[in-house]
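Take a look at the structure below.
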There are 2 protein chains.
Amino acid sequence: MSRKTFQRLSLDVRRRSLMEATLTCVARHGLHGASVRRITEEAGVTVGLVRHYFGSKDDMIRNAYAYLVGQLTAQASESARATEGTPEAKLASFLRANMTKPNMDEETVSLWATFIGRVRHDPGFAEIHRDGYREFLNVLEILIEPVLIQHGCPYSVTICRNHAIALNGLIDGLWMEGALNSGLYAQDILPDLITGAAERLLDLPAGALSAPDIALQSTQHPTQQSKPS
Amino acid sequence: MSRKTFQRLSLDVRRRSLMEATLTCVARHGLHGASVRRITEEAGVTVGLVRHYFGSKDDMIRNAYAYLVGQLTAQASESARATEGTPEAKLASFLRANMTKPNMDEETVSLWATFIGRVRHDPGFAEIHRDGYREFLNVLEILIEPVLIQHGCPYSVTICRNHAIALNGLIDGLWMEGALNSGLYAQDILPDLITGAAERLLDLPAGALSAPDIALQSTQHPTQQSKPS
DNA sequence: ATTGAAATTATTCAATTGTATAACAGTGTG
DNA sequence: CACACTGTTATACAATTGAATAATTTCAAT
């Protein structure tokens with residue numbers, strides 16, 4: 001009877017692998033079903049490593065939650081950043097990204113909800129949530145601001161922030177209910193639905209975000225912030 | 001050493017008491033920390049009763065979830081029904097109710113999120129969620145329809161339903177993030193924020209929902225559906 | 001090749017879990 | 001007042017849990 005053979009992996013790789021296994025197990029079995037044994041089996045290691053890389057199971061789960069939140073906001077921001085064109089195109093891309101794969105994923109939403117349920121009673125979770133929420137609001141504000149200015153909408157820091165709060169609510173709610181896919185409507189109506197809703201929320205003219213080819217118009221479109229070069 | 005004295009309670013009372021204790025424990029310790037022993041201690045009974053009134057712990061939790069959802073939608077609908085006046089007043093009241101106590105409660109949101117996290121993997125939870133969501137959408141549609149008609153907005157069943165989906169998303173998202181109260185803004189901005197956002201979402205004139213005394217104007221206001229009596 | 005540090009496994013432990021079973025006691029019925 | 005029904009308690013039990021410790025193995029440095 002020989003021991004299991006194994007590789008020594010770098011700290012980063014092993015930690016990430018454990019956190020990902022944690023997320024998989026939490027999504028699949030809930031927090032109550034994500035035992036150390038199941039998680040380590042999923043990661044292909046033995047239970048002792050949890051203690052070695054994280055102080056305890058709870059610590060590992062908190063780290064996994066932070067890892068998830070980081071990924072989520074990073075993906076969302078990235079989809080906006082990668083879109084070249086008018087501010088409207090960037091904002092629209094951000095919104096649509098949240099209503100399509102891989103962002104709108106049933107398993108991710110399950111995970112997110114499970115962790116949200118612990119925010120109230122675990123200060124560690126609360127901090128992670130707050131940081132993620134703040135980050136998301138900031139990204140939204142930065143996306144919204146130039147759009148408002150360009151359309152001559154009433155503008156102030158407060159207005160912009162309130163729009164971000166409302167828009168974030170809209171995204172969160174649609175993201176969640178949409179991903180759970182209760183079968184009451186087709187998921188693929190959501191990208192158009194959210195761009196239309198966002199237009200109205202921000203008091204933009206109809207079509208400002210939903211025009212099919214705003215991304216194409218963008219590069220030579222004269223409505224950009226004038227750059228004197 | 002004598003036995004614990006006890007009362008024989010009716011089936012309904014005992015079941016409800018157990019479900020409420022279940023909700024309390026899930027909110028407080030999460031699904032993983034809500035053990036049969038903790039729940040029954042919270043309810044002031046011994047563990048055997050779980051088997052007696054529900055087949056198993058899982059069955060009891062599912063019943064508790066359905067009980068919670070029922071209460072939530074009932075409270076929300078009731079707050080709209082109880083408001084007399086214009087359709088705008090009813091809708092505004094419904095929206096504001098979701099942004100204030102007792103509906104917007106941190107513990108309730110924690111509970112709700114925890115259960116949502118199980119919807120994907122437990123068909124029983126999925127069914128309960130779907131029914132609750134459908135009910136909420138229906139209530140919203142019924143509230144939205146007369147408002148749209150009265151303002152001469154473009155109207156169809158599809159438009160109304162899409163507005164309900166978007167508005168529900170907005171409510172859900174603000175309800176959750178607001179209740180978690182991450183400290184990034186004051187919770188008491190939310191009632192005004194959501195009525196303003198809803199006005200724009202539905203393309204109503206500014207102030208249609210946020211006028212401070214629409215409820216008072218309502219009874220003798222001529223803009224009501226003409227009633228020939 | 002040897003060595004030494006530490007990453008990883010294997011095993012143990014007490015505590016807690018959900019469920020099952022048996023004994024008891026409250027309560028309405030005759 | 002005795003009875004029987006069943007709601008309720010008490011206890012037992014195997015399984016699982018998270019954490020701790022000791023024993024090994026890998027791998028880089030020499």
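Each chain gets a letter, A, B and so on, in the order the sequences are listed, and its residues count up from 1. Just so you know, these numbers use all the heavy atoms, side chains as well, and skip hydrogens, waters and symmetry mates.
Following rounding to the nearest Å, B/His29 (NE2) and C/dT16 (P) show an atom-to-atom distance of 13 Å. Protein atom NZ of A/Lys57 is 19 Å distant from nucleotide atom P of C/dA15, rounded to whole Å. If you take CG of A/Leu49 and P of D/dA20, they are 15 Å apart, rounded to a whole angstrom. A/Arg14 places its CZ atom 17 Å from the P atom of D/dT25, with the value rounded to the nearest Å. Between A/Asp59 atom CG and D/dA19 atom C1' the separation is 13 Å, expressed in whole Å. What separates CD1 of A/Ile39 from P of D/dG18 is a distance of 7 Å, to the nearest Å. Going from atom CD of B/Gln7 over to atom C1' of D/dT8 covers 12 Å, rounded to whole Å. Rounded to a whole Å, the CG atom of B/Leu9 is 11 Å from the C1' atom of C/dG26.
Residues B/Arg37 and A/Phe6 both approach DNA chain C. Their nearest nucleotides, taken by heavy-atom distance, put A/Phe6 toward the 5′ side. Ranked by how close their nearest DNA chain C nucleotide is to the 5' end, A/Thr5 and B/Ser56 are led by A/Thr5. Residue whose closest nucleotide on DNA chain D sits further toward the 5' end, between A/His32 and A/Gly55: A/His32.
Residue contacts shown for B/Val47 include a base, since a base heavy atom lies under 4.0 Å away. Within 4.0 Å (heavy atoms only), B/Leu11 reaches no atom of the nucleic acid at all. In this structure, A/Thr46 reaches the bases: a heavy-atom distance under 4.0 Å links it to at least one base atom across the strands shown.
Side-chain contact of A/Arg118 with B/His32: a donor-acceptor pair under 3.5 Å is absent, judged by distance alone. Defined by atom type and a distance below 3.5 Å, a donor-acceptor pair is missing between the side-chain atoms of B/Glu177 and B/Ser182.
In terms of phosphate contacts, A/Ser35 brings a side-chain nitrogen or oxygen within less than 4.0 Å of OP1 or OP2 of D/dT17. Distances shorter than 4.0 Å separate none of the side-chain N or O atoms of B/Arg38 from OP1 or OP2 on C/dT16. The phosphate of D/dT26 has neither OP1 nor OP2 within less than 4.0 Å of any side-chain N or O from A/Arg3. Using a 4.0 Å cut-off, some side-chain N or O of A/His52 falls inside it from OP1 or OP2 of C/dA7. Distances shown here put every side-chain N or O of A/Arg51 at or beyond 4.0 Å from the OP1 or OP2 atom of D/dA19.
Under the 30°/60° scheme for interplanar angles, the aromatic rings of A/Tyr133 and B/Tyr185 are found to stand perpendicular.
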Decide yes or no on side chain to side chain donor-acceptor pair (under 3.5 Å) for A/Arg134 and A/His129, but give the supporting numbers first.
-> CA-CA 8 Å; A/Arg134 177 193 289 126; A/His129 165 72; over 6 Å; no
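Heavy-atom contacts from other residues, nucleotides or ligands closer than 6.0 Å to CD of A/Gln71 number more than 12.
Nearest to the side-chain atoms of A/Tyr53 among the listed nucleotides C/dT8, D/dA20, C/dT9 stands C/dT8.
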